[in-house]
Amino acid sequence: MANHHSKILVLGSGAAGCTAAIYTARGNLQPTLVHGMQPGGQMTITTEVENYPGFAEVIQGPWLMEQMEKQAEHVGTKMVHDTITEVDFSKRPFTLKGDSGDSYSADAVILGTGASAKWLGLESEKNYQGYGVSGCATCDGAFFRNVPVAVVGGGNTAVEEALYLTNHASKVYVVHRRDELRAEKVTQERLFKHPKVEMVWDSELQEVEGKDDPKAVTGARVKNVKTGEERTLEVEGVFIAIGHKPNTDIFKGTLKMDDEGYIVTEKGTTKTSVEGVFAAGDVQDKIYRQAITAAGSGCMAALDAMRWLESQD
């Protein structure tokens, strides 16, 4: 069992964590980055990316994260394949424990542990993730120009995703297991008035149908929960919009969070309720949830952390 000490410890290897590591490494602080449960974050389950600035051609999500990680390592970040299971932010240096049994200490910590899209748990849903099944309309909607798609969910997320998709898709089915939505009334009204939208009430997604060569979605089989009747919606995309869960369980009782478990940061900064602990990316952002905004807040966290360390010295 080893103990690793660094001036700055970065948790998470998505866009926020890697960017924070790049900036702090270039600041000659020799950060340690702990990968976490999903190395590379949510981008690793995104196949094609065409909205990340700097690339004229469509790129692959896993490739982009691999490049970010290599860049962070190249400028001086120490990479550790471990998952943090316990934190103690009550005194400095902060101490953390890894699943490996190793312990970590740091003068400042940047949290980039991200959030996870909630999925239904269907085998077919998993099989076609990145090949027509998505958890983010603003990320992938442009790939479904002039084709029909389905959105599963009934809250604000589902309504917002469906309305966004009307900019691209030829038709948008909204599949909800009840006969009324939970979303705000104003956005509901906009949805119901839209000519491209068709509501599929009292229905649950049973299976994502598709082909394997090339791998693509061809339909969504839904079941009416009241009548038991099944039908297949002929769609080329299925968007699961039942919300996201921030990866913050280990910080409960330690950091200030909102009702949904997102870390609360001081307005205009990445400072958390504990001095010396900073949060970036989807772990504190439930509005934008893009790789580019996560990277931007990773940069902010690095600069905030470096300035704070200088003030301590």
Side-chain angles (χ1 to χ4, degrees), residues 1-36 38-41 43 52-55 63-84 87-98 100 102-114 251 254-255 263 265-266 268-285 291-313:
M1 308 299 175
N3 178 60
H4 311 268
H5 179 77
S6 49
K7 268 195 171 294
I8 291 189
L9 183 68
V10 179
L11 305 191
S13 52
C18 283
T19 306
I22 290 165
Y23 272 78
T24 51
R26 292 189 75 251
N28 202 31
L29 292 174
Q30 300 171 316
T32 297
L33 183 149
V34 182
H35 275 83
Q38 188 179 9
M43 288 290 282
Y52 198 89
F55 302 95
W63 176 84
L64 178 60
M65 296 320 302
E66 185 183 303
Q67 294 302 305
M68 283 194 195
E69 186 177 324
K70 284 180 178 176
Q71 185 179 1
E73 202 165 18
H74 175 72
V75 292
T77 303
K78 179 184 177 184
M79 296 289 182
V80 178
H81 288 275
D82 201 352
T83 301
I84 298 300
V87 300
D88 182 358
F89 294 154
S90 63
K91 59 184 185 299
R92 295 196 295 267
F94 303 120
T95 54
L96 306 88
K97 286 186 180 174
S100 64
D102 285 6
S103 59
Y104 303 84
S105 59
D107 301 322
V109 176
I110 296 174
L111 308 175
T113 51
F251 310 125
T254 304
L255 297 172
I263 295 172
T265 50
E266 187 181 304
T269 78
T270 60
K271 298 173 184 176
T272 71
S273 56
V274 172
E275 197 178 335
V277 179
F278 307 85
D282 290 12
V283 77
Q284 51 81 236
D285 168 28
I292 187 66
T293 51
S297 66
C299 165
M300 288 169 62
L303 297 176
D304 285 344
M306 288 191 285
R307 286 167 186 155
W308 180 80
L309 283 169
E310 283 171 12
S311 73
Q312 300 304 299
D313 291 340

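Basis for what follows: all heavy atoms, side chains included, without hydrogens, waters or symmetry-related copies. Everything quoted here is computed from the prediction, not taken from an experiment.
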Give the minimum heavy-atom separation between [X] and [Y], together with the two atoms involved.
{"X": "A295", "Y": "T19", "result": "O-CG2, 3.2 Å"}
{"X": "Q284", "Y": "I263", "result": "CB-O, 3.2 Å"}
{"X": "A305", "Y": "I8", "result": "CB-CD1, 3.9 Å"}
{"X": "A72", "Y": "A21", "result": "CB-CB, 4.1 Å"}
{"X": "S13", "Y": "C18", "result": "O-SG, 3.5 Å"}
{"X": "F94", "Y": "G276", "result": "CE1-O, 3.6 Å"}

Check: [Y] and [X] side chains under 4.5 Å, non-hydrogen atoms:
{"X": "P93", "Y": "H5", "result": "yes"}
{"X": "M68", "Y": "M43", "result": "no"}
{"X": "P31", "Y": "S6", "result": "no"}
{"X": "I292", "Y": "P53", "result": "yes"}
{"X": "L96", "Y": "L11", "result": "yes"}
{"X": "Q312", "Y": "E275", "result": "yes"}
{"X": "I22", "Y": "H74", "result": "no"}
{"X": "L64", "Y": "Y52", "result": "yes"}

Report the relative orientation of the aromatic rings in [X] and [Y]; use parallel for angles under 30°, tilted for 30 to 60°, perpendicular for over 60°.
{"X": "F251", "Y": "F89", "result": "parallel"}
{"X": "W63", "Y": "F55", "result": "perpendicular"}
{"X": "H81", "Y": "H35", "result": "parallel"}

Nearest 0.5 Å please: distance from the [atom1] atom of [X] over to the [atom2] atom of [Y].
{"X": "D88", "Y": "S105", "atom1": "CG", "atom2": "OG", "value": "11.5 Å"}
{"X": "T95", "Y": "N3", "atom1": "OG1", "atom2": "CG", "value": "9.0 Å"}
{"X": "F278", "Y": "M300", "atom1": "CZ", "atom2": "CE", "value": "11.5 Å"}
{"X": "D102", "Y": "H4", "atom1": "CG", "atom2": "NE2", "value": "3.5 Å"}
{"X": "T77", "Y": "L33", "atom1": "OG1", "atom2": "CG", "value": "6.5 Å"}
{"X": "L29", "Y": "L9", "atom1": "CG", "atom2": "CG", "value": "13.0 Å"}

Intermediate values then yes/no, side-chain hydrogen bond (donor to acceptor under 3.5 Å, both in side chains), D82 and S100: CA-CA 6 Å; D82 201 352; S100 64; 2.5 Å; yes
Crowded around Y23 OH? As in, over 12 foreign heavy atoms under 6.0 Å? no
